[in-house]
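A, B, ... follow the sequence lines: proteins, then strands. Residue 1 opens every chain.
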Amino acid sequence: MLAMNYRGPYRVRLDRKPIPVCEHVEDAIVRVTRTCICGSDLHLYHGMVPDTRVGSTFGHEFIGVVEEIGPSVKHLAVGDHVLVPFNIACGRCPFCRQGLFGNCHEANPLATAVGGIYGYSHTAGGYDGGQAEYVRVPYADVGPCKIPDTMDPDDAVLLTDVVPTGYQAAEMAGIRSGDTVVVFGAGPVGIMAARCAWLFGAGRVIVIDHVEYRLDFARRYCPAEVYDFRSLGDPVVFLKKITDSLGPDVCIDAVGGDAAGNALHTLFGTKMKLEGGSAIALHWAINAVKKGGIVSIVGVYGPTGNLIPIGNVLNKGITIRANQASVKRLLPKLIEHVEAGRITPRDLITHKVPLEEISDAYHLFSAKLDGCIKPVLVPPTARG
Amino acid sequence: MTHRPVDPSTIPGWGIDADPRNDPTYPMRDVSKETGDPGRPMRLPRQEPRVELLVSIERTDLPAVFGTTVPPSGLSGTIRRSAFRYSESHWAHWLMLMAADRVNVVEGVVQDLGRGRIPNVPAEMGVRAEWAHNRTGLVQKVAIVGALMGLGWLLLRRRAR
Ligand SMILES: NC(=O)c1ccc[n+]([C@@H]2O[C@H](COP(=O)([O-])OP(=O)(O)OC[C@H]3O[C@@H](n4cnc5c(N)ncnc54)[C@H](O)[C@@H]3O)[C@@H](O)[C@H]2O)c1
Ligand SMILES: [Zn+2]
Ligand SMILES: [Zn+2]
């Protein structure tokens, strides 16, 4: 089969690999019909995630048709078109049973802090991902969810990560009616977080980035007030000025370790990799938020550690809430929101390209060329 | 059950201020769901390990499923194995894995060449997209790299003379 093949930082290509087989009684093999590149994949692509082995296949956002099932799979049948949450979750461990499907303890031998994630380095379990024609799906009775007949596959593929992550970012922000919400990052996740902030009753939504076309998109789609941080001088001072000097009630970090905007963090975190990426957006979030306010983090950082102003978290009495999105927990509610037209995920897709163009798609998305917000790849076996 | 050297019931006022609403983790973590399905085994049988697996020393055993892609090999594999002598809490663990990743890139090129394949690095880096959407940037980058290589070549020639 054709599968993405990571060769090193900024180098990916499509190669032939054997079709995966069921390795566990509850596995399924899924033939991929759509797969996305995510901002999280960029951390791998930039060589920031430890234990990203050459020869790995990335891709944690995919939908597809069930081709084969293991002997104990009961809820899926061959031929079902399913959307597969990016978290590999057993549904039975103490964490899954509390709804923490992003923190399953039964899917990753290599790191206890990180759950199992498709195509996300050995630090996330060493699974091959969905940027391929076929993919192995463990715990097939737990994660995969049949795509409703009425749902557009382009909406479905964004329900595997972007929509739940954006939604959970807003949910963790503990927004109360009328709150002022600042979202750092106008990528797919930040845009979705800003859109969902309204569902929780926000009174004002502000989005910060430095990519003009993304800010334009956020202004119309979320809709939100948008600002380019390069033109703000000190973003913290600016945010206080426009929020009666006290700061926003909540700040959401939808940027993660690839944040731009501070030379020192870029040098230590992004270039030298002594930090788990650059945490400048998080730094701004902590220093801008109102005292007693909430900082919600969905931006991903490496496991090493980061320089952040933890002293001010204490001084200001800030509550920090963060997690990998618990996709399975949120799916029933989010499918309802999509079917009711309250969220329109597929509007984020700017590029739909053949899987064969994967090298160019990665570069386009990483370098933010051609107005790219979300690229979707379609394997040849799904093009008919 | 964890060993408890102190019996809580002997503490004056134990639990008097417990407040179930004081739970900032809800609804991400919903303990009310914790009952579970008694009819279902809580853990499935384990997948057969058929490749070398590296396991965090913070775990007591293997989980029921795990990935089997690209097992450790070569020099990078040796570094990775050493990294797994340290816990996830050690800087050394992650920095060694990062070092192994860099070594692994060189191994990848050697592996390609060994299979008679010269990796098309510009294509892997998406040069077509760069040409289509950022041509001036590409020309600039090529010019800078070309100039630096030319300069290096000149310096080497002067040294050699
Ligand atoms: N927690 C989860 O479950 C989860 C799931 C998916 C993605 N993520 C993470 O969310 C983050 C965003 O994902 P995405 O797909 O939207 O990625 P993306 O790379 O498309 O978007 C990030 C955006 O942040 C902007 N940015 C850079 N520096 C900034 C700064 N200092 N301030 C404000 N904006 C800045 C970039 O210009 C870009 O538009 C990533 O870190 C990703 O790994 C987390
Ligand atoms: Zn993703
Ligand atoms: Zn679990």
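Contact count against chain A (heavy-atom pairs under 4.5 Å) is highest for D101(B) among L95(B), V105(B), D101(B). Looking only at heavy-atom pairs under 4.5 Å with chain B, the residue among L274(A), V25(A), D15(A), L14(A) that has the most is D15(A). Interface check for chain B: of the options H105(A), M172(A), E357(A), the most heavy-atom pairs under 4.5 Å are formed by H105(A). For the set I358(A), I294(A), T304(A), the count of heavy-atom pairs under 4.5 angstrom toward chain B peaks at T304(A). Here R13(A) is the residue among E171(A), R321(A), R13(A), R329(A) with the most heavy-atom pairs under 4.5 Å with chain B. Ranking V106(B), V55(B), L53(B), V127(B) against chain A, the residue ahead of the rest is V55(B), based on heavy-atom pairs under 4.5 Å. Between chain A and the options L97(B), D61(B), V65(B), the largest number of non-hydrogen pairs under 4.5 Å is found for V65(B). Per-residue heavy-atom pair counts under 4.5 Å with chain B were compared for A107(A), P20(A), G99(A), G8(A), and the maximum is reached by A107(A). Listed options L62(B), N134(B), I57(B), T68(B) were ranked by heavy-atom pairs under 4.5 angstrom with chain A; first place goes to T68(B). Most heavy-atom pairs under 4.5 Å with chain B, from the set G47(A), C93(A), G102(A), S72(A): that is G47(A).
Residues H46(A) and T270(A) bring no donor and acceptor atom of their side chains to less than 3.5 Å of each other. Using a 3.5 Å distance cut-off with no hydrogens or angles, the side chains of D27(A) and Q47(B) do not pair a donor with an acceptor. Between the side chains of R80(B) and N104(B), a donor-acceptor pair is found at a separation under 3.5 Å.
Residue contact with chain B, scored on non-hydrogen atoms closer than 4.5 Å, is absent for N323(A). Neither the backbone nor the side chain of F101(A) comes within contact range of chain B, judged by heavy atoms closer than 4.5 Å. Residue Y118(A): no heavy atom, backbone or side chain, is found under 4.5 Å from chain B. Contacts of R46(B) with chain A are made by backbone atoms alone, with heavy-atom separations under 4.5 Å and no side-chain atom involved. Contact annotation for T25(B): only backbone heavy atoms (N, CA, C, O) come within less than 4.5 Å of a heavy atom of chain A. In this structure, chain B has no heavy atom under 4.5 Å from any part of S366(A). Within the 4.5 angstrom heavy-atom criterion, atoms from both the backbone and the side chain of Y10(A) approach chain B.
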Inset, instruction - Start with the C-alpha distance between Q131(A) and V12(A), add both sets of side-chain angles, then the distance that settles side-chain contact (heavy atoms from CB on, under 4.5 Å), and finish with yes or no. - result: CA-CA 11 Å; Q131(A) 289 164 10; V12(A) 302; over 6 Å; no
Inset, instruction - Go through the steps to decide whether Q324(A) and F86(A) satisfy the test side-chain contact (heavy atoms from CB on, under 4.5 Å), and finish with yes or no. - result: CA-CA 10 Å; Q324(A) 297 282 353; F86(A) 77 86; 3.7 Å; yes
Inset, instruction - Apply side-chain hydrogen bond (donor to acceptor under 3.5 Å, both in side chains) to the pair Q168(A) and S326(A), showing each step before the final yes or no. - result: CA-CA 8 Å; Q168(A) 187 169 317; S326(A) 180; 5.2 Å; no
Inset, instruction - Check the pair H24(A) / F66(B) against side-chain contact (heavy atoms from CB on, under 4.5 Å), numbers first and verdict last. - result: CA-CA 9 Å; H24(A) 181 256; F66(B) 37 80; over 6 Å; no
Inset, instruction - Test L377(A) against I37(A) for side-chain contact (heavy atoms from CB on, under 4.5 Å), laying out the working first. - result: CA-CA 8 Å; L377(A) 304 163; I37(A) 305 176; 3.9 Å; yes
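When all heavy atoms of I373(A) and P375(A) are compared, the closest pair comes out as O-CD, 4.1 Å. The heavy-atom pair separating L138(B) from W131(B) by the smallest distance is CD2-CE3, 3.6 Å. Taking each heavy atom of P50(A) and P303(A) in turn, the nearest pair found is CD-CD, 3.7 Å. What you find for G119(A) and L44(A) is that their closest heavy atoms are O-CD1, 3.6 Å.
Under the 4.5 Å side-chain criterion, counting only non-hydrogen atoms from C-beta, M96(B) is not in contact with R85(B). In this structure, the side chains of C90(A) and L44(B) stay at 4.5 Å or more apart for every pair of heavy atoms.
Applying a 4.5 Å heavy-atom cutoff, the residues of residues 109-125 of chain B that approach chain A are V109(B), Q111(B), D112(B), R117(B), P119(B), V121(B), A123(B), E124(B), M125(B). Residues of residues 145-159 of chain B placed with any heavy atom under 4.5 Å of a heavy atom in chain A are absent; none qualify.
In summary, the aromatic rings of Y120(A) and F58(A) are positioned with their centroids too far apart to meet the 6.0 Å limit.
For H93(B) (side chain) and Y86(B) (main-chain N/O), a donor-acceptor pair under 3.5 Å exists by modelled atom type.
R21(B) has no carboxylate O lying under 4.0 Å from a charged side-chain N of D23(B), or vice versa, which leaves the two without a salt bridge.
In this structure, D17(B) places its CG atom where only 12 or fewer heavy-atom neighbours from other residues, nucleotides or ligands lie under 6.0 Å away.
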